[in-house]
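Counting begins at 1 with the first residue of the sequence. Start at 1 and go down the list; that is how both ligands and their atoms are numbered. Everything numeric in this text was worked out from a predicted model, so none of it was measured.
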Amino acid sequence: MAATLESPKVTLTKNLINGEWCDADSGRTFEAFNPATGDVIAHVAEGEAGDIDRAVKSAREALENGPWSKFSARDRGRCLFKLADLVMQHADELAALEVLNNGKPIREVSFADVPLVAETFRYYGGWADKWTGDTIPVDRTLGNFFCYTKREPVGVCGQIIPWNFPMLMAAWKWGPALACGNTVVLKPAEQTPLTALKLAELATEAGFPPGVINVVNGFGELAGDALVKHPGVDKIGFTGEYKTAQIIMRNAADTLKRTSFELGGKSPAVVFADADLDEAVAGAMTGIFFNQGEVCCAGSRLFVEDSIHDEFLSRFKAAAESHKVGNPFDKSTQQGAQVSKEQYDKVLRYIDIGKNEDKATCVAGGAAHGDKGWFVKPTIFADVRNDMRIAQEEIFGPVASVLRFKDMNDVVKQANTTMYGLAAAVWTKDITKAFAIADGVRAGTVWVNCYNTFDPAAPFGGFKFSGSGRENGKDAMELYSEVKTVWVNLGER
Ligand code: ADP
């Protein structure tokens, strides 16, 4: 059957190790699904410890002896620029594959995911030959020394990513790692393996030599675990749940790997009475319903000032009820399907908790959408208290909790009463209030009169249980390089 936009052809289902597409050593495969229909769309090589071991060895060889080890920083930058161009040349195919395997709407993938992937590679291509060391003015009484620092790659990087932005998370990991001269073994999420494989194919075309980028698919407890424990891996970059990060941190300790974590959130979005309500409602919608709510920085706790609470809620409810849910390939669709049956069940379970255990008031949605695929209606709970489970636990779905607040002290305290600290937002026309929130809330990103704006140059990551280290920007270059200090004894003149 010819490939169409709605049924893109799935051609890549194997692992990429040392530049070769290979089946899993065990010969086993696992199923990949279309969340909009529940249909199986591919059988993907299921890597385990043996496959990971081969990939790590190939990454080590490429790092130390392969052509990559002779690439100048500018050569690495050129490959990243080429990869960015190839991503845009294959934009439609990449977008269709992402929609097929993840369930997110085509208009968001085409507008956000694909261009951001290309921009990320381009941005880090720019860094590659500008990542310099320093000359250090050391004490002359020590002797006549020339002291300088240089940046070296960390080495072989194991990168483990989630299913909510499969392509973009691969780009966030590869961009800085490759700019700094590392080699990588990527383990995509088992729910969404397909686009990382396509990106890896494009990377080969862009000129990255064999072994520099390896992709091994499989489950977290097997392939992911083997990557974390492998003594040949120098660093683990992880995005996912904090509970998985805790396991990874423990497992990485034996080999003292460097680790960086970008984890979950329960981000507060604060609406003051003086806010432009149309903008605040639009921002709240983007904050919680973008990407089906499967966003680590989703604005899932909306704090609304008492005096405008009812007005805000009625506008927010109307917007949620007219939000278009359905076929993610339809260009007018605003919300697609949850990624898996497991996620769909989890979101519906939390809706039950909100209604029954927490006894909050469900004012919009509150149920599955349609009878095929894994769709959930945009859901809003009102009368939520900050100590309720739906206000404290990460749901990772289209479920907003609306809470009230009295004044600045009250809202800063409530906003910070969470284990997480990934993001926060504020809507107000008063610059003093905006800065008070930006300063007072412990979160890695604060959005003022906006939400979910991203740029590869802007650091992103969390305080507290939301992670450690920052992705994007110059900060990610730090994560993927070691500083070497060199002392040269020039002798007395
Ligand atoms: P979710 O539950 O939302 O899928 P996870 O944190 O479990 O989030 O998954 C994020 C990534 O971590 C996935 O690629 C998954 O396979 C991987 N993973 C899960 N468990 C482990 C583990 N014990 N060790 C290493 N990687 C893991």
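Of all atoms in ligand 1, numbered sequentially from 1 with element shown, those under 4.0 Å from a heavy atom of Asp225 are 24 (N), 25 (C). Residue contact check: Trp163 has heavy atoms under 4.0 Å from atoms 1 (P), 3 (O), 4 (O) of ligand 1. Per-residue contacts place Gly240 under 4.0 angstrom from the following atoms of ligand 1 (heavy atoms of the residue considered): 6 (O). Heavy-atom proximity to Ile161, at under 4.0 Å, picks out these atoms of ligand 1: 11 (C), 13 (C), 14 (O). For ligand 1, the atoms sitting less than 4.0 Å from at least one non-hydrogen atom of Ile160 are 11 (C), 12 (O), 14 (O), 17 (C), 25 (C), 26 (N), numbered in the order shown with element in parentheses.
Not one N or O of Phe219 is nearer than 3.5 Å to an N or O of ligand 1, by distance alone. Between Glu241 and ligand 1, a contact under 3.5 Å exists for at least one N or O pair. For a threshold of 3.5 Å applied to N or O pairs, the pair formed by Thr239 and ligand 1 contains no separation below that value. At under 3.5 Å, a nitrogen or oxygen of Gly220, whether backbone or side chain, sits near a nitrogen or oxygen of ligand 1.
Nearest to atom 12 (O) of ligand 1 among the protein's heavy atoms is Phe238 CE1, 3.2 Å. Among protein heavy atoms, atom 7 (O) of ligand 1 sits closest to Thr244 OG1, 3.3 Å.
Proximity of the aromatic rings of Phe460 and Trp172 is defined here by a centroid distance below 6.0 angstrom, and this criterion is met.
Residues Thr239 and Ile160 are not in side-chain contact: their nearest non-hydrogen atoms beyond the backbone lie 4.5 Å or more apart. At a threshold of 4.5 Å between non-hydrogen side-chain atoms, the residues Val441 and Val270 do not count as touching. When side chains are defined from C-beta on, Val185 does not count as touching Cys157, because their heavy atoms never get closer than 4.5 Å.
In this pair, Tyr420 and Tyr242 present their aromatic rings perpendicular. The plane angle is above 60°, beyond the 30 to 60° band.
Contacts of Pro188 with ligand 1, taken as heavy-atom pairs under 4.0 Å, involve the backbone alone. Contacts with ligand 1 closer than 4.0 Å are made by no heavy atom of Phe396, backbone or side chain. Residue contacts with ligand 1, taken as heavy atom pairs separated by less than 4.0 Å, involve Glu190 solely via side-chain atoms from C-beta onward.
Looking at Arg349 and Asp345, no side-chain N of the basic residue comes within less than 4.0 Å of a carboxylate O on the acidic one, giving no salt bridge. The pair Asp113-Lys104 meets the salt-bridge criterion, since a charged nitrogen lies less than 4.0 angstrom from a carboxylate oxygen. Between Arg151 and Glu478 a salt bridge is recorded (basic side-chain N to carboxylate O distance below 4.0 Å). Ion pair Glu205/Lys82 not flagged as a salt bridge, since none of the NZ, NE, NH1 or NH2 atoms sits closer than 4.0 Å to an Asp/Glu carboxylate oxygen. Under the 4.0 Å criterion applied to side-chain N and carboxylate O atoms, Lys266 and Glu393 are not assigned as salt-bridge partners.
Counting protein heavy atoms under 4.0 angstrom from atom 4 (O) of ligand 1 gives one or more.
For atom 25 (C) of ligand 1, the nearest non-hydrogen atom from the set Gly264, Gly224, Cys296 belongs to Gly224.
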